[in-house]
Amino acid sequence: MLDIKKIRENLKNIEQSLAKKDKDITLNKIVEIDKNLKTLVSKLNNLQAEQNNKSKEIGIMKSKGEESEDLFSDLKKLSEEVKLLEKEEKKISLSLKEELLQIPNLPHSSVPIGISDQDNVVKVKCDKKKDFNFLPKNHIDLGKNLDILDFETAAKISGSGFPMFKGKGALLERALINFMIDFSLKNYGYTEFFTPFMVKPDSALTTGQLPKFDEDMYYIEKDDLFLIPTAEVSLTNIHKDEILKFEDLPKYYLGYSSCFRREAGSYGKDTRGLLRVHQFNKVELVKFVEPSRSYEELEMLVNQAAEICKLLELDYRIIELCTGDLSFSAAKCYDIEVWAPGESKWLEVSSCSNFEDFQSRRGNIRFKNNKGKVEFVHTLNGSGLATPRIFASLIETHQKEDGSISIPVALQPYLGISEIK
RNA sequence: GGAGGCAUGGCAGAGCGGUUGAAUGCACUGGUCUUGAAAACCAGCAAGGGUGCAAGCCCUUCAGAGGUUCGAAUCCUCUUGCCUCCGCCA
């Protein structure tokens, strides 16, 4: 959520900045509501002050045993007027908030300007991809031949778009999760969480999934709960409505979760295999930091996630998203993609974003700075990483001509084997 | 699912329907004392909004939403969360 004060003070700049993300956004309505609200509030405040004073007078008189009918009837009228204005004020500030919640975050000045993913910038290139002296198979065929993936049965149970890992495949999936958790835990000082997978609408509002993207999430109507599309939602809301201590920052949180996405609107895209599924596994990294350090923290976060790709011996590249491809809540974002030689495609396995104070404002997550002033924290998050695509890239990259898979050294302790055949 | 209890500042914990944004303690910050520290003593210490150069002044907020009243932390209703007991259950 943007700061209404900043909108008031820098309307032109903010509009220009928003246009880089989406040229159709307009702030006219917000500015108008804000103006109305301001005049109403100052009128209301004056009346409230009068009411407070007179009520106190009555209190004093009563304690002296005096009575005044005039004052009573005066106040009766006044209080009716105040109540009316209070209702109006509530209505207007609610509508202002509703409007503000629809406006995306401003892109950071360093973000390359562009309209679509065509304009993204490759920041870290993959110089040469792994050579094969045979035609590499895709993960669907590999998985079937090795009997480690079973999409047909998953479809029978749950419908299309749900992966099912079997035998060594299930072991590999579990190993990847554990490996990734341990990696970030041991090397970067994170606190591990195992969070709820279902959240209240309010929590999804904090991180920006609501109110605009409710169609992307699974919703349990009976209990008014959403299945999380990422552990980011649960992790970020840990400090909702709190004031953190300056000395407690930065906070590094990590959590594994299943992630649930309806993928509405992407029908026909990547319908086969592990590339786009309704349920997947991901280790998510979330940071709460003081504002001055958030961009430094973002660079650290991407590098950390990329390190995992290296250890898994995958070909990867880091993409800097352009303004037009940036998500609703992000001020700046890097994607990490790994190469899947069987699919002959780059697969997005991580997205590392700085949200600045966009989410913290929505979730009211603040800290007391070293001068004792309360400020909004900056939040960041990054996948570290998402498994099903890593799984696909991994078995495609490390396949041998006979169809077996060699397991990267870093992962071997987690499987207890060095190959799947 | 049924029955009951509770919800106040960073924490603990008072609070008769009327100068209560809220006693007190702890924590924290500054000061006195001390070679230094501790202890003791003194002072300060909620957030948001408005206005002002500033000091300040005004408004809102005692889980949330409604209601009663001239006036609500205090009374009523609903919701949510926590605790206790019963039922069910991995």
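Note that these values count all heavy atoms, side chains included, but never hydrogens, waters or copies made by symmetry. In the text below, chain A, chain B and the rest are named by the order of the sequence lines, each starting its count at 1.
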Identify whether any heavy atom of [X] sits under 4.0 Å from a base atom; if not, whether one sits that close to sugar-phosphate; answer base, sugar-phosphate or nothing.
X	value
A/K38	sugar-phosphate
A/K77	nothing
A/V41	nothing
A/K83	base
A/K200	nothing
A/S42	nothing
A/D74	nothing
A/R361	nothing

Nearest-Å distance once atom [atom1] is located in both [N] and [M]:
N	M	atom1	result
B/rG30	B/rC45	C1'	11 Å
B/rA72	B/rC88	C1'	42 Å
B/rA22	B/rA47	C1'	15 Å
B/rA23	B/rC33	C1'	30 Å
B/rU8	B/rC62	C1'	4 Å
B/rG15	B/rU68	P	28 Å
B/rU19	B/rG71	C1'	12 Å
B/rC75	B/rA39	P	40 Å

For [N], which nucleotide is its Watson-Crick or G-U wobble mate, given both distances must be under 3.5 Å?
N	result
B/rA27	none
B/rG1	B/rC86
B/rG56	B/rU51
B/rA7	B/rU80
B/rC75	B/rG67
B/rC45	none

Under a criterion of less than 4.0 angstrom to any heavy atom of chain A, what are the 5'-terminal and 3'-terminal contacting nucleotides of RNA chain B?
->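 Range of nucleotides within reach of chain A: B/rG18 to B/rG71.
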
Evaluate the side-chain proximity of A/F226 to A/P201: yes if any heavy-atom separation is below 4.5 Å, no if none is.
->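 A side-chain contact under 4.5 Å exists here.
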
Does any non-hydrogen side-chain atom of A/L254 lie less than 4.5 Å from one of A/E284?
->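 Contact flag for A/E284/A/L254 side chains = no.
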
Could you check A/Y190, A/F288, A/Y188 and say which one makes a ring pair (Phe, Tyr, Trp, His ring centres under 6.0 Å) with A/Y253?
->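 Looking at A/Y190, A/F288, A/Y188, the match for A/Y253 under the ring pair (Phe, Tyr, Trp, His ring centres under 6.0 Å) is A/F288.
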
Between A/F260 and A/H278, is the ring centre distance below 6.0 Å?
->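 They do not qualify: ring centres at least 6.0 Å apart.
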
Looking at the rings of A/F358 and A/F328, which for Trp means the six-membered one, are their centres under 6.0 Å apart?
->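 That pair passes the under 6.0 Å test.
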
Show the numbers, then the answer: is there a side chain to side chain contact (heavy atoms under 4.5 Å, CB included) between A/K310 and A/Y316?
-> CA-CA 8 Å; A/K310 263 189 227 168; A/Y316 72 94; 3.1 Å; yes

Between A/K240 and A/D202, is there a side-chain N and carboxylate O pair less than 4.0 Å apart?
->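 Here A/K240 pairs with A/D202 in a salt bridge, since their nearest N and O are under 4.0 Å apart.
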
Residue mapping more 5' on RNA chain B - nearest nucleotide basis, A/G59 or A/E86 =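 Looking at RNA chain B, the more 5' nearest nucleotide goes with A/G59.
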
Go through the steps to decide whether A/E99 and A/K29 satisfy the test salt bridge (Lys or Arg N to Asp or Glu O under 4.0 Å), and finish with yes or no.
-> CA-CA 8 Å; A/E99 291 295 325; A/K29 198 169 173 188; 3.2 Å; yes

